[in-house]
Participant: 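What follows is a structure written as structure tokens; I'll ask about it next.
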Amino acid sequence: MQTKNESMRQTKALSAIPKKYLISFVKFWYNFLVGDTPEFFVLTLAIIAIGITLHKQRPAFMVSVFALTGIVFGVSLYRGRQKKG
Amino acid sequence: MTQNLLIILASFVACAVEMVEALTIVIAAGVSRGWRSAIEGVLAALVCLVAIVGGVGVPLVHLVPIDALRVIIGGLLMVLGLSWLRKAVLRSSGHKAMHDEDAVYAKKVQELSSGGPDATAGKSFARGGLSGLGPRDATGFAVAFKGVFLEGLEVALIVISLGSSSHHFLNVILGAVLAAVVVFSVGAATSKYFARVPENKMKMTVGILLSSFGLFWIGEGTKVSWPGSDLSILWVIGVFSLFSLICINFLKNMLVGKNSAN
């Protein structure tokens with residue numbers, strides 16, 4: 001009986017390993033892509049969308065991409081500044 | 001020619017920043033827990049990295065269409081570059097404490113020394129070991145492994161992304177190898193003077209270069225024709241640099257105004 005319990009525990013521990021690695025993998029990419037600046041992830045997706053829709057209208061692409069990057073980066077800096085002087 | 005040099009520079013600086021971080025962790029682990037385990041941790045991490053890059057990185061470049069790869073990699077570079085640039089701008093303008101490699105090193109040594117090899121006898125590997133390198137220690141091994149593996153993954157990502165998007169793999173690898181040679185020679189010779197590496201300036205340069213290359217490749221991948229073709233990367237870098245300087249000045253003035261009001 002004791003041996004059966006031990007083997008069950010070992011099987012459980014073994015099956016937990018891939019799950020653990022999967023969670024670590026997802027966590028790594030979440031922290032890498034989103035982390036504490038989710039605005040840059042959204043900005044990048046928006047730039048890709050703008051590129052796909054406006055790739056034939058170069059001036060519109062340039063103006064919208066640089067304006068959007070400037071605004072999002074500025075807002076992100078404002079959000080990240082120290083609260084106390 | 002200009003693009004070749006810029007790619008080597010981007011790869012060199014980006015890899016150097018990651019390598020400085022990895023070296024800090026390895027030195028901290030070696031000093032506090034013994035060099036044997038730290039060196040073994042570094043070697044194990046390097047073996048894992050080579051296996052991952054060889055198994056996943058190289059086939060990826062041959063199987064995925066180049067435009068899709070450019071958009072994905074450009075996006076990754078853009079996210080990474082902008083977050084580095086944001087930190088560097090906040091630090092330069094005084095809104096965030098400077099990243100001090102000496103402080104990181106001291107903190108790591110203190111954390112590790114609180115339970116030295118003797119205090120963690122249960123976790124230690126077989127003792128005895130090579131003469132002069134000290135006993136084996138699980139914590140020292142794990143810390144060195146983790147530091148080199150995680151920072152090395154970022155180096156691999158930079159090398160694969162820059163190499164596959166620009167089709168200049170050799171230049172990117174050259175930049176990374178130069179960074180490894182410079183960082184590890186300088187680190188070995190002057191490990192005490194780590195804090196003198198102007199990390200924030202390096203981080204800002206890398207942030208500007210990665211964001212610029214990221215935006216450029218997203219455009220290339222979505223079939224946007226840049227004015228000036230490949231040379232347009234220069235004015236994109238110029239725009240990011242100018243905007244960063246404006247932000248630093250604006251934030252500095254904001255801080256001065258706040259302090260004088262108090």
Side-chain angles (χ1 to χ4, degrees), chain A residues 13 16-18 20-85, chain B residues 67-68 70-72 74-91 93-97 150 153-154 157 207 211-212 214-215 217-227 232 235-236 239-240 242-244 246-248 250-251 254-262:
Chain A
I17 291 171
K20 194 178 135 190
Y21 285 119
L22 187 70
I23 290 168
S24 307
F25 182 78
V26 172
K27 261 188 187 169
F28 172 80
W29 282 103
Y30 180 82
N31 286 333
F32 186 84
L33 291 171
V34 180
D36 53 356
T37 50
E39 60 272 24
F40 293 147
F41 180 63
V42 176
L43 169 71
T44 305
L45 292 180
I47 290 174
I48 294 170
I50 291 170
I52 291 167
T53 49
L54 295 179
H55 69 276
K56 283 181 183 160
Q57 292 134 298
R58 194 164 72 182
F61 170 81
M62 297 294 162
V63 171
S64 49
V65 159
F66 282 104
L68 189 65
T69 306
I71 291 168
V72 172
F73 192 73
V75 170
S76 180
L77 282 176
Y78 191 78
R79 200 171 62 87
R81 79 202 194 285
Q82 254 174 7
K83 295 284 183 286
K84 54 185 180 188
Chain B
D67 281 337
R70 277 184 172 152
V71 170
I72 295 166
L76 287 175
L77 290 184
M78 183 104 189
V79 170
L80 187 67
L82 284 175
S83 59
W84 280 21
L85 191 57
R86 175 184 186 264
K87 265 184 209 163
V89 168
L90 286 171
R91 280 175 185 148
S93 60
H95 282 271
K96 200 176 171 84
L150 288 181
L153 263 186
E154 291 195 37
L157 194 72
S211 308
S212 307
L215 183 57
W217 279 321
I218 290 175
E220 290 272 289
T222 53
K223 306 271 188 214
V224 172
S225 61
W226 290 95
S232 60
W235 67 257
V236 176
V239 170
F240 272 103
L242 187 69
F243 186 66
S244 305
I246 292 170
C247 286
I248 291 171
F250 181 77
L251 286 171
M254 195 186 231
L255 202 63
V256 170
K258 212 174 201 179
N259 285 341
S260 57
N262 290 337

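All figures in this text were calculated on a predicted structure; none of them were measured in a lab. Letters A, B, ... are given to chains in the order of the sequence lines, protein chains preceding strands, and every chain is numbered from 1.
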Participant: What is the minimum heavy-atom distance between Gly70(A) and Phe243(B), and which atoms define it?
Facilitator: O-CZ, 3.5 Å

Participant: Can you classify the ring geometry of Trp226(B) versus Phe66(A) as parallel (below 30°), tilted (30 to 60°) or perpendicular (above 60°)?
Facilitator: perpendicular

Participant: Is Val65(A) close to chain B through its backbone or its side chain, or both, or neither, when contacts mean heavy atoms under 4.5 Å?
Facilitator: side chain

Participant: Looking at Gln57(A), Lys56(A), Arg58(A), which one has more heavy-atom pairs under 4.5 Å with chain B than the rest?
Facilitator: Arg58(A)

Participant: Would you give the length of the straight line joining atom OG1 of Thr69(A) to atom CG of Leu82(B), rounded to the nearest 0.5 angstrom?
Facilitator: 7.0 Å

Participant: Could you work out, with side-chain contact (heavy atoms from CB on, under 4.5 Å) as the rule, every residue matching Ile71(A), not counting sequence neighbours?
Facilitator: Val75(A)

Participant: Quick one: what part of Leu85(B) sits under 4.5 Å from any heavy atom of chain A, side chain, backbone, both or neither?
Facilitator: both

Participant: Quick check on Leu43(A) against chain B: is it the side chain, the backbone, both or neither that has a heavy atom closer than 4.5 Å?
Facilitator: side chain

Participant: Please tell me if the side chains of Leu76(B) and Leu33(A) come closer than 4.5 Å, counting only heavy atoms from C-beta onward.
Facilitator: yes

Participant: To the closest 0.5 Å, what do you measure between CZ (Phe61(A)) and NZ (Lys223(B))?
Facilitator: 14.0 Å

Participant: Using side-chain contact (heavy atoms from CB on, under 4.5 Å) as the criterion, list what pairs up with Ser76(A), not counting sequence neighbours.
Facilitator: Thr37(A), Glu39(A), Phe40(A), Arg86(B)

Participant: Pick one of side chain, backbone, both or neither for Ile218(B), based on which atoms fall under 4.5 Å of a heavy atom in chain A.
Facilitator: side chain

Participant: Given a strict heavy-atom distance threshold of 4.5 Å, which part of Phe250(B) is in contact with chain A: side chain, backbone, both, or neither?
Facilitator: neither

